[in-house]
Structures are given as C-alpha cells and as structure tokens.
Amino acid sequence: MAVSRSSLEDYWTEFHDIESTKDPDEEEEEDELPKTPDGEQEARWLKEVGLDAVVNRIKDGHGLTDDEMEAVTATLTSSQAAVVKRRVDTLSTTMRKRQKQNKTDVRDIFPSQETVNGSFYGSPGSFHRLSGGSIGEGQTTHDHVRHGSKPKERSFMKRGGYSMSGRRTDEAVSPDQTGIEMLSVHPKGTYHRPVGSRLSGGSLPSISDHEDIMFELKPDDSTHQSRGQQRLVYHQGSQQKTGDNLPNFTLVHDKLGVTQMSDLSASDMSQIRSLALLELTSMFDNHNITYRHRKAKKRVKDHGLFGVPLQALLENDRKIDSRVTTPIIFHDIIQFIEGHCLETEGILRVPGSTGRIKQLRGELEDRFYSGAISWAEVLPHDAAALLKQFLRELPVPLLTYEYIEAFAQVESIKEKKLQLQALCLLILLLPPVHRNTLQILLRFLQKVVSKCHANKMSLANVSMIMAPNLFLVSSNHSKFKGIQEGEISMAAGTSNIVRMLIKYLDILWTVPSFLVHQMRRQNEIAQQRKGRDKSIMKFLAKKDKSELYKKPPIVHEGDFEEGVIRVHAPNLTKSSTAIRLDNRMTAGHIVDRFRNSCGALNPANGRGDNKRTLQGIYCDPDKVSFAEEHTYLYETGGNICERCLDHKTNMMALYHVNPNAEWVIKTSNHR
Amino acid sequence: MVNASKPVSCTLVGDGMVGKTSIALSFIGKQAEENYVATVFENYAGGTSVAGEQYTVSIYDPAGKHDYASMRVCTYTDCEVILMCYNVSDRDSFDSIASFWLPEVRKFRGTKSTVILVATQTDTRNPDSDSSVSTEEGEKLAREINAGGYMETTTQNYDSVKTVFEKVVTCALKCRKKKKTLFKKISRR
C-alpha cells in the first residue's frame with residue numbers, strides 16, 4: 001500500500017494543482033449556493049433517497065418536529081442522518097424564505113435542551129465505535145476530518161444554510177441561539193431509536209458507524225464475530241508484479257454469505273440504492289467532493305442499435321428473450337471478440353478500417369435481428385472499433401449523466417480503500433441495465449488484459465483506451481488554443497478509475513454487508529412501527545415495504561422449535577423439509593441434502609466447485625431437471641424480500657439474523 | 001534570414017500502434033520501450049542540423065484515432081508540419097490516411113498545411129503479402145494528397161529517422177520563407 005500510495009502522490013498533487021487552477025467557477029458556485037438557494041437540488045436528492053414525504057411536507061410549509069425528524073433518521077447512522085439533516089435544513093430554510101412569512105417555527109418553541117458543545121460527531125457514538133477496538137487506518141484519518149479541523153470556516157454556516165457540498169463545522173452553539181442546527185444532534189453513532197421489544201428470534205446487533213466497516217485491514221473485531229456477524233473485510237495482499245501499481249484486495253468471507261448485486265430482489269435493491277446514495281453523499285461531503293449532473297441530450301432514438309439507450313435496447317430484446325439482462329447486440333460483439341480476437345495484437349487500440357466498419361455497422365442495423373449476420377468474416381479490429389463506437393454513441397452514457405462526474409471524482413479521494421467503497425456505492429446507484437452492461441464490459445476487458453503477453457494490451461493500455469469511451473470527454477476545443485492541461489489530468493484520472501474498475505471487478509459487484517444489514521434493520525423497524533404508531537407510518541408511507549416482508553403466520557407444528565428451519569423446494573416434488581441447524585451448516589450443505597435426496601451424491605462445498613461437470617438430476621415422478629450448478633438456497637421474507645444465498649453462508653448465523661425468513665431451494669440464472 | 005532559434009514544431013498522426021512514439025523516441029536518441037505503452041499525449045524535443053544550422057524540432061505525439069480526439073485536435077493549430085504515419089505492413093492504416101487523417105487535418109488546418117507522408121516499420125515489409133503497402137503506392141498517395149514529401153523509415157535504422165526530421169525542418173523553413181516574402185510583398189505596397 002505504501003508503495004502504491006507514494007507513487008500516486010505526485011499525480012495527486014498535480015491533479016489538485018490543476019484542479020484548483022482549472023475551475024475557479026466551481027469553487028465560487030459552491031460558496032454562493034447557500035446565498036441563492038433554490039433548494040431544488042436538495043429536494044431532488046431527498047426524493048432520490050426515498051424521502052418524498054419529507055419534501056412534500058416541507059414544501060407545504062410545515063416544518064418537521066424533533067420527533068418526526070428522529071423518525072426519519074431512526075434507521076440511519078449518525079453520518080447518514082447528518083447528511084439528511086443538512087439537506088432538510090437547506091430545503092426548509094429555502095422554503096421559508098420563499099414564502100416570506102415569518103411564522104413561528106415549531107423548532108423555535110422547542111429549543112433543543114441539550115447543549116451541543118462541539119461534538120456533533122465525536123459523541124458517545126464514536127466512543128462506541130472507538131471502543132469497539134477497530135481503529136482502522138482510514139478511521140483515524142476520518143475522525144481527523146470529521147472533527148472539523150477545517151482551516152477555513154465557511155461564511156454561510158449560520159441558520160442551517162448548507163450547501164450540497166458544505167460540511168458542518170463543529171461550532172459550539174450557544175443555548176440561547178435557538179435554531180434548526182440543534183435538531184440534528186444525534187449523540188449516537190448507532191441507530192438512535194432503541195428497539196423496544198426484542199424481535200422474535202433475536203434482533204440484529206447494532207451497527208456502529210460504519211465508515212470503515214467495509215474495509216478493515218484485518219478481521220480484528222471478535223465481539224462482532226461472536227454475535228454471528230462478520231464484517232465484510234478486504235485483505236490487502238502484496239503488490240503484484242504486473243506493474244499496475246494497484247494493491248491486491250481479496251474479499252474476506254462473511255459468515256452471512258457474500259451478497260452479489262444480482263442476488264437481491266429488485267425491491268431490496270431499490271432500498272439498498274437509497275442507502276447507497278445516502279452513504280455516498282456522506283462520504284463525498286466528508287471529502288468535500290462535489291459533482292455535477294451532466295446535462296442530458298434531448299432527442300433520442302428508440303429503435304435500431306447504435307445511438308439507442310440501453311434501456312430501450314433491453315426492452316426490445318426482452319421481447320425475444322425475457323431473461324436477458326444486457327442488450328443482445330452488445331453481448332454478441334463482446335462474445336465475438338472474446339472468442340476470436342483476444343490474442344490479436346493491439347486489440348481495442350488499432351482502429352481498423354473506417355470503410356469496413358461503416359459497412360458492418362450498416363449490416364448490423366439492417367439485419368441483426370433477422371440473424372443474417374455472419375460474424376466469421378468480421379475482422380478483430382473492426383469489431384473492437386464497433387464496440388467502442390457503441391459505447392461512445394450511447395445517448396445515455398454507460399455511467400449515466402447523473403453519476404459520470406461522480407465516478408471521475410472518486411479519483412480525488414486519497415485512500416484506496418475508500419475509493420473502492422465509493423466506486424461500489426456508485427455502481428449500486430446505476431440503473432440495472434447499465435450496471436449489468438458495465439459488468440460484462442469489464443469482465444471482457446479483464447480477459448483482454450489476461451492475454452496481454454500476446455496482445456500487448458496491458459491493464460494500463462486497456463484503461464487508457466477505454467477511459468475516453470466511458471467518460472466521454474467533451475470536445476470543447478473551439479474555445480481553447482493549445483493543449484488543455486486539465487484534459488490530460490482528466491485522462492490520467494479517468495484511466496485510473498477504469499483500471500480500478502477492471503482490476504477490482506468482483507469486489508465492486510458485492511453489496512457491502514453493512515448496507516444489507518441496515519436494510520434488514522429498516523424493515524424490522526418498519527414492521528414494528530406499523531403496529532405501534534400509525535401517524536408516523538403515514539409519514540413514512542412511501543417507504544413502507546412491510547407488506548412485502550410479511551410472513552405468513554407461524555403454524556406451530558410439532559417441529560417448530562429454535563434452530564430448526566423448514567426448507568421448501570417447489571421445483572421438486574417434496575413440499576418442505578425440516579432441517580435442524582448446527583453451527584457449521586452452510587447453505588451449500590442444505591442444497592446438497594436436496595440433491596442427495598434426489599439421488600445425487602455429490603458433496604458440494606461451495607461456489608468454487610461449480611465448474612465440475614455435472615449432469616442434471618432427475619427428480620422422481622415429474623422428472624424435473626435440476627441443473628445442479630444453478631441451484632441455490634434462497635432467503636425470503638422476514639426482514640428481507642429475497643436473497644440468493646452464497647453456498648458458504650453459515651445458516652445458524654443467518655437464522656439468528658433473520659429468524660422469520662422462509663427458505664426456498666430455487667435455480668438462479670445470475671450466479 | 002530565418003529565425004533559427006525558433007523551434008520547428010510538428011505533429012505525428014496516424015492509426016494506433018503504427019509506431020509514432022517509436023519514431024519520436026528514436027529521433028531524440030531513446031530506445032523505444034520493449035512493451036507497448038499506449039500514448040495519450042506526449043511532447044518531445046530533439047535537435048538536428050540542416051545546411052549547417054542547428055534547429056530544434058519539437059514533436060507532438062497525440063493518441064491515435066478516436067480515443068482522445070479532442071486533445072489531438074488542439075495540436076493541429078500549434079504545429080508547422082504534420083507527419084502522417086502508416087505502417088507498411090498494415091493496409092488499414094494506409095487506407096486511413098485518405099479516409100480519416102487527411103479529412104481531419106484539412107478540416108482543422110485548411111488545405112495549406114504542410115504534410116509529410118511517413119511509411120513506418122519498413123523492416124517488416126513483406127512484398128508477398130496483400131496487406132503490405134509498396135513504395136510506389138506510398139509515393140502515389142503522397143502526390144495525390146499533395147504532400148510535401150514521402151519518407152520511408154524504420155527505427156532499426158537511425159539515419160532513416162533522422163532524414164524524416166531533416167525533411168521536417170526544410171519543409172518548415174520553406175513555409176516560413178513563403179510567408180515572409182508574402183509579407184514583404186504586402187508591406188511594399
């Protein structure tokens with residue numbers, strides 16, 4: 001790590017130098033924002049994280065009471081809550097100004113009782129965190145940043161005027177200065193609202209401030225493990241000799257199973273998405289990073305192949321095959337290059353012949369769906385050029401207008417592990433079709449790099465070539481004379497991002513376990529609250545997904561006892577089986593047991609074994625074919641909608657986290 | 001007569017992997033890297049003497065073709081001579097000169113720019129292969145596009161690289177002279 005960091009340091013200093021000289025406008029804009037707040041940015045953000053109700057409420061001219069605010073932020077960590085709070089404050093300030101009515105605010109009547117001496121972040125919550133014995137490298141940096149040791153105080157830090165990018169400094173607020181600032185003082189790093197009654201089976205362990213949970217250097221926290229929850233940890237390996245200057249990270253196995261992005265149901269993913277946006281915003285705020293949403297093009301083709309949005313392509317393709325997750329044309333081009341051209345020298349770099357590419361493209365547009373394309377005569381470089389053209393001409397770029405700048409900005413985070421985390425959150429934020437397409441693209445690029453001895457396309461070369469195709473550097477050459485320093489640094493920065501995306505592909509497509517955890521928690525609380533507090537529920541109406549998670553009433557059969565689960569296998573003839581869990585039983589074991597009972601005797605141990613040649617298993621009367629490698633145990637209901645379980649998932653641990661779940665054996669197309 | 005201290009500037013263009021960076025590196029006396037490293041943008045400077053006078057040649061080396069196009073376009077306005085390169089054993093790169101590079105240069109520089117056509121990697125030429133481009137074809141293309149010259153080069157032979165850049169200097173000087181006489185004519189009136 002030390003090696004990579006120091007070698008990148010020069011780059012970063014230069015990057016920042018360039019950045020600071022390049023964009024004085026942006027800096028200005030940031031500082032001016034609170035003076036002329038229109039609140040739209042905040043409103044849009046709040047809506048995106050799923051708090052539409054709050055926005056409507058504020059726009060109607062109602063403030064939020066302490067209790068309501070607390071209800072909204074109850075399931076958030078303190079840093080996430082602070083982020084929400086900041087936006088809510090800005091928005092309500094704006095709204096009040098706009099209305100020009102000097103109504104007495106609820107918050108003026110109920111001043112915050114506690115004094116808020118400086119420690120907005122550094123209160124018992126962080127004590128909890130520190131005492132947890134998990135002071136990572138990143139954490140110390142973080143605390144440093146957080147404790148407001150910012151040299152210049154922002155002039156707009158008054159009456160709750162925050163910019164989207166502004167960070168709260170730790171000013172001591174005098175008790176008589178009643179203002180909205182006081183509202184958001186959540187002295188806890190954990191969830192603010194203690195769960196009143198214990199959920200049946202066992203509640204989740206509280207989540208501490210998780211800024212660094214995802215990236216611990218060593219799995220050091222024994223308390224967490226004893227509670228059956230292991231953090232998602234990355235081991236940092238030694239520097240690889242490939243000269244790519246990137247440290248090797250490996251994903252440390254999580255007892256509850258590694259959750260890939262394709263493992264969760266759509267509704268779970270949208271909930272995770274909101275959390276990811278919160279988390280990302282909080283991270284970017286901490287690093288003072290701003291990004292703009294690029295402007296979208298207005299007119300867009302909706303038929304054809306090139307220049308058509310991924311979403312439209314996918315919708316068309318789904319009429320042909322309902323299971324596809326990426327546009328067929330893109331998939332086919334990649335498959336062709338993978339099959340025939342991986343070892344071609346200079347693949348992706350050598351441009352091919354303009355004339356032939358034009359012709360090929362015309363043929364594809366005309367005849368692709370009728371299947372009359374013979375790939376046999378296509379030359380490698382032409383296919384690669386076509387792939388790049390496809391990406392460049394997407395009307396909505398692969399990284400989307402909303403987040404393309406954010407992806408580029410990740411480069412300005414200095415800690416590699418935090419960069420990784422930011423990229424992971426950004427990937428979660430992409431629409432599914434974009435995420436899937438990016439994934440197959442990166443997997444393909446990985447394969448190209450793996451053949452670099454033959455094709456001369458090393459990780460650095462591939463990244464450098466692909467960066468402008470993914471980040472679509474705008475060509476504003478008419479305005480400037482000479483070469484833009486900024487453009488070169490942009491090129492270096494974006495190539496670095498592409499390098500990381502390719503290298504850490506598998507890690508990046510894993511849902512951080514703290515997000516899964518937080519989602520479970522939110523669902524549990526939503527379920528609890530539903531019965532308890534109707535008025536708050538009304539307030540949270542939009543977020544209420546408890547219907548989805550409703551579990552059929554437990555029928556107290558004889559075999560229902562602690563540590564015994566019922567596994568359903570609707571695809572098999574068996575209706576359900578009771579299985580007593582022991583401490584070492586994994587999801588893979590359970591899947592095996594079903595195989596065994598169907599006649600197969602293969603003891604599978606985990607996903608690693610999937611490559612074995614396996615014949616389908618025939619299950620008695622109905623002859624249901626069960627392609628073994630695609631069979632997984634699913635966790636459904638309880639505090640999650642549906643999740644496909646990694647074969648290594650420890651069932652006892654998971655059972656304690658989600659005792660109300662149902663367990664179903666199914667086949668998966670995605671794993 | 002001509003201000004010799006002002007460096008002569010040129011830009012290398014041509015498809016990816018034809019060996020633009022190799023030529024430039026070879027000219028300034030560096031060994032081209034064993035491993036291929038794709039270029040985003042580089043700037044080199046080397047010295048050469050023409051007619052007893054010492055000149056500095058500064059070479060812009062932008063990325064090939066579509067990647068980083070905007071960056072490359074900037075260099076067109078800054079340079080006096082444009083070196084269009086193709087690989088003699090890659091016909092696609094030869095075709096690109098007429099179909100892509102010339103139109104692009106014309107678009108940003110107008111028709112008056114000084115272009116030198118450079119055939120690279122002549123050591124790899126295989127007369128029996130279809131994809132191989134012959135000297136005659138190169139000379140023909142140079143005439144058609146009204147180039148200031150046609151050069152063949154290989155980094156295996158330093159002299160062939162040197163002559164390319166000597167040609168760059170003579171072309172640039174010719175161009176400067178023309179401008180100067182034009183200026184004189186106008187000022188005399």
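What you see is a predicted model; the values in this text were computed from it and never measured. Every chain is numbered from 1, with letters handed out A, B, ... down the list of sequences.
- For the pair A:Val350/B:Asp90, a side-chain contact is recorded, criterion being any heavy-atom separation below 4.5 Å from C-beta on.
- How far CG of B:Asp15 is from OG1 of A:Thr354: 7.0 Å, rounded to the nearest 0.5 Å.
- Going from atom CD of A:Glu345 over to atom CE of B:Met17 covers 4.5 Å, rounded to the nearest 0.5 Å.
- Neither the backbone nor the side chain of B:Asn43 comes within less than 4.5 Å of any heavy atom of chain A.
- Shown here for A:Pro351 and B:Gly16, the closest heavy-atom pair between the two residues is CD-N, 3.6 Å.
- At a 4.5 Å heavy-atom cutoff, A:Met466 makes no contact with chain B through either its backbone or its side chain.
- Sparse packing is recorded around NZ of B:Lys178, with 12 or fewer heavy atoms of other residues, nucleotides or ligands lying under 6.0 Å away.
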